[in-house]
Amino acid sequence: MGGFLNLRTRPEALYGILREILAEGERYGEWTLGEGKPLQVEFVSSNPTGPLTVGHGRQAALGDALANLFSALGWDVTREYYLNDEGRQIELLARSLWARYRQALGEDVPVPEGGYHGGYLVPIGEELAREWGDRFPEWTPEAAEAFRKAAVERMMAMIHEDLEAIGVSFDVWTREGDLHRRGLVREVFEVLKEKGAVYEKDGAYWMRSTEYGLPRDPVLIRSDGTPTYLMVDIAYHVDKYRRGFVRVVDVQGADHVEEQQQVKLALRILGYPEDFLHYCVHQFVTLKGKEGIERMSTRKGKFLRLKDLVDELGRDVVRYFMVRRRPEAHLIFDLELARKTSMENPVYYVQYAHTRIASIFREAEKREESVTRDALGVTEADLSSLSDPDEISLIKELDRFPDVVRRAAETYGPHLVCEYLEGISGIFHSYYNRVRILGQGEATRARLALLAALKTVLGKGLSLLGVSAPEVM
RNA sequence: GCGCCCGUAGCUCAGCAGGAUAGAGCGGCGGCUUCCUAAGCCGCAGGUCGGAGGUUCGAAUCCUCCCGGGCGUACCA
């Protein structure tokens with residue numbers, strides 16, 4: 001509604017905006033909306049069954065950017081990784097590693113059906129063969145325990161390498177085993193049962209989800225008495241609530257949608273606030289390379305390791321590419337393009353804008369022009385010479401920045417920041433080619449003031465995405 | 001079958017808290033360098049916004065249905 005207004009923004013108002021931005025400096029774009037309340041972003045949470053893949057890279061980049069954005073909104077953000085180091089998949093991993101170990105000892109033991117076929121277990125198997133010799137000739141409970149421990153340890157080391165490569169770190173690591181030990185899983189199950197949300201069938205306990213409109217009833221406790229992943233996940237979220245988080249954002253892949261609906265329903269039945277748990281669901285990453293488009297699978301060993309991609313393309317490129325698309329849209333990562341024409345990457349386009357401005361300031365100092373980077377000198381400049389259409393657009397765009405930050409956080413869409421940064425970079429590059437900054441007397445002072453603000457916003461925007469803002473390229 | 005997501009230029013995608021001639025990058029073609037970094041700029045070509053209805057003064061944007069694609073639909077995690 002409300003027809004459109006064609007208000008001409010008065011120049012004085014624009015100059016006021018610019019002065020405000022310069023005064024706020026690095027803090028420009030930040031809010032106090034979160035009031036310092038605790039918010040958790042849980043992401044990656046990959047099981048320790050292999051190194052992180054390019055797919056996890058999207059989650060790492062996305063989750064970290066969201067965490068940065070919510071910090072900027074004024075929340076007290078905790079980055080958390082949920083570690084599932086128990087259960088059948090880990091059992092399979094241990095068994096697969098044992099097979100590699102036997103193979104290293106010259107025995108023809110195949111990796112089990114549905115096991116982990118990736119080559120990354122081979123060198124570890126060889127290492128264990130050297131270390132342990134023929135100590136585990138058979139798959140016994142002792143062997144299972146030893147190989148489970150060794151496998152998880154090595155996988156975690158690899159995952160840490162991958163995270164370090166992309167530059168993401170976590171504040172809290174929660175292990176599934178901890179939840180069991182504290183009796184939380186059992187306790188939460190009992191409450192669900194008391195609420196009448198559970199029934200028994202075929203020796204297992206099921207949740208009455210269809211009564212609440214969901215497509216099917218899931219098992220919470222198996223007939224052998226062990227809780228399912230879903231049951232543990234529900235308990236985990238109760239735990240998050242008890243730890244005091246006001247809001248939790250889980251970054252997860254599209255294959256978890258049903259799980260998410262079930263967890264949300266369980267929390268609703270348990271009486272937790274509706275707006276406590278949020279999911280940022282993202283679609284998968286497809287690698288488009290010379291071999292065509294490949295579907296990744298850790299189990300089948302068909303994947304590109306995140307660290308390898310980062311080593312090849314650089315952290316900034318990978319991070320930027322991973323958050324540039326809307327999370328809910330499928331991401332096609334064009335390897336060939338990223339490799340051979342990396343100079344034309346949008347991330348360089350934005351970084352180059354930042355670098356160019358840095359360069360202008362270096363040149364200004366060298367020439368000892370009337371203006372230095374001294375903040376006071378800049379803000380006291382007479383801005384009335386800023387009347388070029390690009391100068392006006394830039395100020396108007398800079399004015400939008402805090403809203404972009406807010407919207408990007410609240411809609412879980414860091415790509416909005418990319419779009420914004422590419423937009424202001426474009427205006428700047430065009431402006432730079434047409435208008436001289438230095439050697440223009442009073443106009444130079446005003447233009448440098450504008451560029452100082454632009455540089456701050458470019459730097460801030462990039463840092464929210466976890467991308468560096470270089471002074472020199 | 002059911003649930004969620006996607007379908008906009010040759011390719012990859014923005015835009016979708018309804019509003020004026022639908023944008024960017026890549027790819028194609030043609031230009032720009034006495035001077036602040038050419039990792040840049042300017043111009044040209046290229047689109048029935050998957051299709052059909054509906055709501056509205058106004059729809060790429062909201063609603064319904066259909067078509068096409070992805071994911072899920074486990075006593076795996």
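Within every chain, numbering begins at 1; the chains are lettered A, B, ... in the order of the sequence lines, protein sequences first and strands thereafter.
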>> Going by purine N1 to pyrimidine N3 plus the second Watson-Crick contact, or the G-U wobble pair, all under 3.5 Å, which nucleotide sits opposite B:A39?
In response: none
>> Quick check on RNA chain B: between A:Q283 and A:N84, whose nearest nucleotide comes earlier from the 5' end?
In response: A:Q283
> Across all strands, who's sitting opposite B:G25 as a Watson-Crick or G-U wobble pair, both distances under 3.5 Å?
Replying inline: B:C11
> Would A:F321 and A:F333 count as a close aromatic pair, with their ring centres under 6.0 Å?
Replying inline: yes
> Rounding to the closest angstrom, what is the interatomic distance between B:A24 and B:C41 at atom P?
Replying inline: 12 Å
>> On the nucleotide B:A38, are OP1 or OP2 found under 4.0 Å from the side-chain N or O atoms that A:Y432 carries?
In response: yes
> Which whole number of Å gives the distance between the C1' atom of B:A22 and that of B:U8?
Replying inline: 8 Å
> Over how many whole Å does the gap from A:E363 atom CD to B:C36 atom P extend?
Replying inline: 7 Å
> Side chain of A:H256: nearest nucleotide among B:C75, B:C41, B:A77?
Replying inline: B:A77
> Using purine N1 to pyrimidine N3 plus N6-O4 or O6-N4 for Watson-Crick, or N1-O2 and O6-N3 for G-U wobble, each under 3.5 Å, what pairs with B:U33?
Replying inline: none
> Would you say A:L465 and A:C418 make side-chain contact, with heavy atoms under 4.5 Å?
Replying inline: yes
> Tell me: CZ of A:R434 to P of B:C36, nearest whole Å?
Replying inline: 18 Å
>> Using atom C1' in both nucleotides, what's the gap between B:C6 and B:C44 to the nearest angstrom?
In response: 33 Å
> Given the rule in the side-chain hydrogen bond (donor to acceptor under 3.5 Å, both in side chains) test, do A:Q89 and A:N47 qualify, once you have shown the distances and angles that lead to the verdict?
Replying inline: CA-CA 9 Å; A:Q89 291 306 317; A:N47 294 342; over 6 Å; no
>> One pair to check against side-chain contact (heavy atoms from CB on, under 4.5 Å): A:H282 and A:R326. What are the steps and the verdict?
In response: CA-CA 8 Å; A:H282 71 270; A:R326 295 153 67 209; over 6 Å; no
> Between A:Q261 and A:G87, which has a closest nucleotide on RNA chain B that is more 5'?
Replying inline: A:Q261
> Out of B:U73, B:C71, B:A77, which has the shortest distance to the side chain of A:D255?
Replying inline: B:C71
>> Suppose we define a pair by two distances each less than 3.5 Å, Watson-Crick or G-U wobble; what does B:U64 pair with here?
In response: B:A52
> Any idea which of B:G3, B:C42, B:A77 is nearest the A:S430 side chain?
Replying inline: B:C42
> Nearest to the side chain of A:Q89, which nucleotide is it out of B:G40, B:C36, B:A77?
Replying inline: B:A77
>> If I take atom CD1 in residue A:I360 and atom C1' in nucleotide B:C35, what distance separates them, rounded to the nearest angstrom?
In response: 13 Å
>> Students often get this wrong, so: under 4.0 angstrom with heavy atoms, is A:D202 touching a base, only sugar-phosphate, or nothing?
In response: base
>> Between P on B:C36 and CZ on A:F428, what's the gap in Å once rounded to a whole number?
In response: 13 Å
>> Using only modelled atom types and a 3.5 angstrom limit, is any donor from either the side chain of A:S223 or the base of B:C75 paired with an acceptor on the other?
In response: yes
> Reckon A:V350 touches a base, only the sugar-phosphate, or nothing at all at heavy-atom distances under 4.0 Å?
Replying inline: nothing
> Is B:A17 paired to anything, Watson-Crick or G-U wobble with both distances less than 3.5 Å, and if yes, which nucleotide?
Replying inline: none
>> From OH of A:Y431 over to P of B:C41, roughly how many Å is that when rounded to an integer?
In response: 16 Å
>> Which nucleotide wins on minimum distance to the side chain of A:Y348, given the candidates B:A39, B:A77, B:C6?
In response: B:A39
> Between B:C71, B:A77, B:C36, which nucleotide gets closest to the side-chain atoms of A:R222?
Replying inline: B:A77
> Can you tell me if A:H278 and A:Y412 form a side-chain donor-acceptor pair at under 3.5 Å?
Replying inline: yes
> Between B:A74, B:C71, B:C76, which nucleotide gets closest to the side-chain atoms of A:R88?
Replying inline: B:C76
>> Rounding to an integer number of Å, can you tell me how far A:I424 CD1 sits from B:G25 P?
In response: 16 Å
> If the C1' atom of B:A45 is compared with that of B:C26, how far apart are they to the nearest Å?
Replying inline: 15 Å
> Any Lys/Arg nitrogen of A:D217 or A:K201 sitting under 4.0 Å from an Asp/Glu carboxylate oxygen of the other?
Replying inline: no
> Roughly how far apart, to the nearest Å, are B:G51 and B:C67 at atom C1'?
Replying inline: 7 Å
> Any side-chain donor-acceptor pair under 3.5 Å between A:Q262 and A:S209?
Replying inline: yes
> Contact class for A:V281 (heavy atom, under 4.0 Å): base, sugar-phosphate, or nothing?
Replying inline: nothing
> Reckon A:T355 touches a base, only the sugar-phosphate, or nothing at all at heavy-atom distances under 4.0 Å?
Replying inline: base
>> Rounding to an integer number of angstrom, what distance separates B:G23 and B:G47 when you compare their C1' atoms?
In response: 11 Å
>> Classify A:R299 by what it touches in the nucleic acid, base, sugar-phosphate, or nothing, heavy-atom distance under 4.0 Å.
In response: base
>> When you measure from the side chain of A:H256 to the backbone of A:V251, do you find a donor-acceptor pair of N or O atoms at a distance under 3.5 Å?
In response: no
> Stepwise, does the side-chain contact (heavy atoms from CB on, under 4.5 Å) test hold for A:V405 with A:V417?
Replying inline: CA-CA 7 Å; A:V405 171; A:V417 176; 5.5 Å; no
> Which base, if any, makes a Watson-Crick or G-U wobble pair with B:A45, both distances under 3.5 Å?
Replying inline: none
> Taking the side chain of A:E176 as heavy atoms from C-beta outward, which of B:A77, B:C36, B:G70 is closest to it?
Replying inline: B:A77
> Between B:A38 atom P and A:Y349 atom OH, what is the distance in whole Å?
Replying inline: 13 Å
What N/O pairs connect the protein and nucleotides 13-15 of chain B at under 3.5 Å? Give each pair on its own line.
{"from": "B:C13", "atom 1": "OP1", "to": "A:H330", "atom 2": "O", "distance (Å)": "3.0"}
{"from": "B:C13", "atom 1": "O2'", "to": "A:R325", "atom 2": "NH1", "distance (Å)": "2.4"}
{"from": "B:A14", "atom 1": "OP1", "to": "A:R326", "atom 2": "N", "distance (Å)": "2.9"}
{"from": "B:A14", "atom 1": "O2'", "to": "A:E419", "atom 2": "OE1", "distance (Å)": "2.7"}
{"from": "B:A14", "atom 1": "O2'", "to": "A:E419", "atom 2": "OE2", "distance (Å)": "3.0"}
{"from": "B:G15", "atom 1": "OP1", "to": "A:H415", "atom 2": "NE2", "distance (Å)": "2.9"}

> Base, sugar-phosphate, or nothing: which does A:Q260 touch, judged by heavy atoms less than 4.0 Å apart?
Replying inline: nothing
> If pairing requires Watson-Crick or G-U wobble contacts with both distances under 3.5 Å, which nucleotide is the partner of B:C4?
Replying inline: B:G70
>> With rounding to the closest Å, how many angstrom separate the C1' atoms on B:U55 and B:U12?
In response: 34 Å
> Looking only at heavy atoms, what is the nearest atom pair of A:E91 and A:A144, with distance?
Replying inline: OE2-CB, 3.9 Å
> Of the nucleotides B:U73, B:C36, B:A39, which one has an atom closest to the side chain of A:R436?
Replying inline: B:C36
> To the nearest angstrom, how far is A:E328 atom CD from B:C6 atom C1'?
Replying inline: 9 Å
>> Under a plain distance cut-off of 3.5 Å, with no hydrogens placed, do A:T411 and A:R407 share a side-chain donor-acceptor pair?
In response: no
>> Taking B:G3 as the reference, what is the distance to B:A74 when you measure between their C1' atoms (whole Å, please)?
In response: 16 Å
